[in-house]
Amino acid sequence: MIFMENKHFIRTIIEEDIKSGKHAYPVTRFPPEPNGFLHLGHARAIIMNHALAEEYGGYFNLRFDDTNPVKEDTLFVEAMQADIAWLGCHWKHLLFASDYFETMYQRAMVLVEKGLAYVCDLTAEEVRATRGDLRTPGQNSPYRTRSIAENKTLFKNMRDGHYPDGARTLRAKIDMANPNMNMRDPVIYRIQRAHHHRTGDDWCIYPMYDFAHPLEDAIEGITHSLCSLEFEDHRPIYDWFVKHTDMPDVPRQIEFGKLMIADQVTGKRHIKKLVDAGLVDGWDDPRLITLSGLRRRGVPPQAIHRFIHALGLPKSQGDTDIQMFYEYVRDYLGESARRIHAVLDPVKVVITNYPSDTPETLEAPFHRDAPELGTRKIHFGKELYIEREDFIEAKPNKKWKRWALDVEVRLMHAYFVKAHQVVKDADGVIQEIHATYDKDTQSGSGFDARKPNGTIHFVEAHTAQPVEIRLFEPLLKPSSDPKAPYEARLNPDSRRTVHGFIEGAVIPHPHEAFQFTRIGYFALDPDSQKEAYVFNRVVELKSSFKPTFQNK
RNA sequence: UGGGCUAUGGCCAAGUGGUUAAGGCAUCGGACUUUGACUCCGACAUCGAUGGUUCGAAUCCAUCUAGCCCAGCCA
């Protein structure tokens, strides 16, 4: 597939800033709150922030926005680092907003001294009641006119733990009638005695996002602060805080559209519910689009990069079809994955004219178009397994390119075989297919006296390795009501386990994704034991095969 | 309803007054094929609506419509 770097408006902004001399190079950051696991939606922010910095000679930081101790945990900071590193987006500095708590406090004090912030004694309910609503202006807090001296004392007392949780807040003094709700004297510090994952019990006051975030960016010298669209109307408050706290560096907030994937569970809190309820097997369940779930499923990070870059960085917001993502997974794996034979639903084939009870060994490339991937030994012998759906007793029509009685097909990388009779059980289910092979037709021999009806794959019965294979379907029922709660949309058959075989001489690398020839891409799951492999289906192969009858 | 934002083919998305309206995914034809895969050829839009400005508009103006976000001491 043709792959080109998408043009987008943020690239234009950065180019202009460099040309005008405003910045020598961009400094970007990815600022997650460590309160859950990262998912495919976050990949856009991570990859784009990283790529933009890299591309224009700047650098990219990872900063944990850990200003709310009750929701955050070191478990998440570690998992996020692992996921981002796996994506290959290397950060220059690993930073924590909590490291700036002292600076933030000082800057808030600057606001107090300028008369731009005041300590408010209103309760949370009272603040809500006086904020007004979308079309009604709010009312000034009765504490808005406190003296600067009193505010300084009170704010210091807040920090020193003189008041109970929630008793007071520090608020910015802006405009209670502003049509932008964010400008109506937003709270910038709250009192909350909670154990912070890094600062422990050092603080009992914590800054709010609107105040903390711009300062974090400014402190780090971030030039272009990318965030998603819902923060667009926070930009005035962002700029207000940077300006009035006298920060020397002025970052610019730029908003882009979030990446939304249709019919997928996204949003850290939604995924957390499924995890907590045991409806999925943890944050790395392969049916989830968490980065760790995708990794476990076997999706290569390169595929995620291709997908993200193909989408670009738009300001509009639509629902992307997960199939488009899978296409990029196939795209990358198609050129890089080793191919091997595997049979998921085996039926036995007996080669009646095979002269020996010991299998012979043949050689086959791992990838026809990538010889550097090498070759492997495959076995052929008297007893084989093929895929049940590759055989039908009577060839139904000319388009049938698989096997049938009296039909000759090529067994890939081996010989032509012709089926003569079937053995069925009492229920009429085929147990064995009896066939003969033609020694002259060996793969690579150049034999071309006859054309086979088609090519199917097989494994040799005695050398094949039994494996467990997990087949995934969408976690949510397709086209279920997007407004319904996720719990009600769960697809009961989203995971199926089958037992099949892979060819005998292959030794997978850890986490390796293979192409099971003619079936799809399958990756080794960490549940695998030595000699007892477990494979996850990453994606199926595309197929233009359209059966015009029931093959049962 | 106050404020902010978005609307280009089934999906994603370029385009910022003069182009046959990029590209990817999907779809439909066809070629090739030791994977019904890959690859390769070919087909596939008048730009949310209406009215205006202009020699000329997806691009400018006006009005309208639809969708998203904002009333946490969350981020």
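If you're wondering where the values come from, they're calculated on a predicted model, not measured in any experiment. The sequence lines fix the lettering, A, B, ..., with proteins before strands; numbering per chain opens at 1.
A:G166 comes within 4.0 angstrom of a nucleotide base, judged by non-hydrogen atoms across all strands. Heavy atoms of A:G520 sit nowhere under 4.0 angstrom from any nucleic acid atom. As judged by a 4.0 angstrom heavy-atom cut-off over every strand, A:T67 is placed among residues touching the sugar-phosphate backbone only. A:L122 comes within 4.0 angstrom of a base, heavy atoms only. At a threshold of 4.0 angstrom between heavy atoms, the contacts of A:H457 with the nucleic acid are absent. A:D319 comes within 4.0 angstrom of the backbone, heavy atoms only, and of no base. A:D133 comes within 4.0 angstrom of a nucleotide base, judged by non-hydrogen atoms across all strands. Among the protein residues, A:S443 comes within range of the nucleic acid bases, having at least one heavy atom under 4.0 Å from a base atom. Residue A:F231 is in base contact, counting any heavy-atom pair closer than 4.0 Å across all strands shown. A:R168 comes within 4.0 angstrom of no nucleic acid atom, judged by non-hydrogen atoms across all strands. Using a 4.0 Å heavy-atom distance criterion, A:P365 is classed as making no nucleic acid contact. Heavy atoms of A:T169 sit under 4.0 angstrom from at least one base atom. In this structure, A:T320 reaches the sugar-phosphate backbone alone: every heavy-atom distance under 4.0 Å involves primed, P, OP1 or OP2 atoms, never a base. Residue A:Q515 is classed as a base contact, given a heavy-atom separation below 4.0 Å to a base.
Among the nucleotides B:C38, B:C73, B:G4, the one closest to the side chain of A:K542 is B:C38. Closest approach to the A:P314 side chain among B:U35, B:C73, B:A13 is made by B:A13 (side chain taken as heavy atoms from C-beta onward). Taking the side chain of A:D321 as heavy atoms from C-beta on, and the options B:G4, B:C11, B:G36, the nearest nucleotide is B:C11. Taking every side-chain heavy atom of A:N68 into account, B:C74 is the closest of B:G36, B:C74, B:U35. Residue A:R128 has its side chain nearest to B:G72 when only B:G36, B:A75, B:G72 are considered. Across B:G24, B:G4, B:U35, the shortest atom-to-atom separation from the side chain of A:M324 is found for B:G24. Of the candidates B:A37, B:A71, B:U33, B:A37 carries the atom nearest the A:L541 side chain, counting heavy atoms from C-beta on. Distance from the side chain of A:S544 is smallest for B:G36 among the nucleotides B:G36, B:C73, B:A14. Ranking B:C70, B:C74, B:C25 by closeness to the A:E327 side chain, first place goes to B:C25. Looking at the side chain of A:A124, the nearest of the listed nucleotides B:C73, B:C38, B:G2 is B:C73.
Salt bridge A:R29/A:D217: present, at least one basic N to carboxylate O contact under 4.0 Å. A salt bridge does not link A:E387 with A:R518: every distance from a Lys NZ or Arg NE/NH1/NH2 to an Asp or Glu carboxylate oxygen is 4.0 Å or more. Between A:D276 and A:R269 there is no salt bridge, since no side-chain nitrogen of the basic residue lies less than 4.0 Å from a carboxylate oxygen of the acidic one.
In this structure, A:F241 and A:I188 have side chains that are in contact, with non-hydrogen atoms separated by less than 4.5 Å.
Note that A:R338 lies in the cation-pi zone of A:F366, set by a 6.0 Å cut-off to the ring centre and a 45° limit from the axis.
Base pairing analysis places B:G9 opposite nothing; no Watson-Crick or G-U wobble pair with both distances below 3.5 Å involves it.
A gap of 28 Å separates the P atoms of B:A45 and B:U6, to the nearest Å. The gap from the P atom of B:G29 to that of B:C38 amounts to 15 Å, rounded to the nearest Å. As rounded to the nearest Å, B:A26 and B:G10 have C1' atoms that lie 7 Å from one another. Nucleotides B:G48 and B:U65, compared at atom C1', are 7 Å apart to the nearest Å. As rounded to the nearest Å, B:C55 and B:C5 have C1' atoms that lie 35 Å from one another. Distance noted for atom P between B:C32 and B:C41: 15 Å (whole Å).
The aromatic rings of A:W283 and A:F37 lie parallel to each other, with less than 30° between the two planes, well short of the 60° mark.
One atom, CG of A:D390, and another, C1' of B:U35, lie 11 Å apart when rounded to the nearest Å. Taking atom CD of A:Q317 as the reference point, atom C1' of B:U6 lies 9 Å away to the nearest angstrom. For the pair A:D263 CG and B:C12 P, the interatomic distance rounds to 13 Å; values are reported in whole Å.
Using a distance-only test at 3.5 Å, with no hydrogens or angles considered, no donor-acceptor pair links the side chain of A:Y385 to the main chain of A:A342. Looking only at distances, no side-chain donor or acceptor of A:T169 sits under 3.5 Å from a matching main-chain atom of A:R171.
For the pair A:R410 and B:U35, the criterion of a side-chain N or O lying under 4.0 Å from OP1 or OP2 is not met. OP1 and OP2 of B:G36 both lie 4.0 Å or more from every side-chain N or O belonging to A:R402.
With hydrogens and angles ignored, no donor-acceptor pair closer than 3.5 Å exists between the side chain of A:R518 and the base of B:G36. The base of B:G4 lies outside donor-acceptor range of the side chain of A:N180, with no N or O pair under 3.5 Å.
Comparing A:R131 and A:E33 by the nucleotide of RNA chain B whose heavy atom lies nearest to each, the residue mapping closer to the 5' end is A:R131. The nearest heavy atom of RNA chain B to A:D233 and to A:G318 marks one nucleotide each, and the one closer to the 5' end goes with A:D233.
Judged by distance alone, the side chains of A:E33 and A:Y209 never bring a donor and an acceptor atom under 3.5 Å apart.
The glycosidic torsion of B:G72 lies within 90° of 0, placing the base in the syn range.
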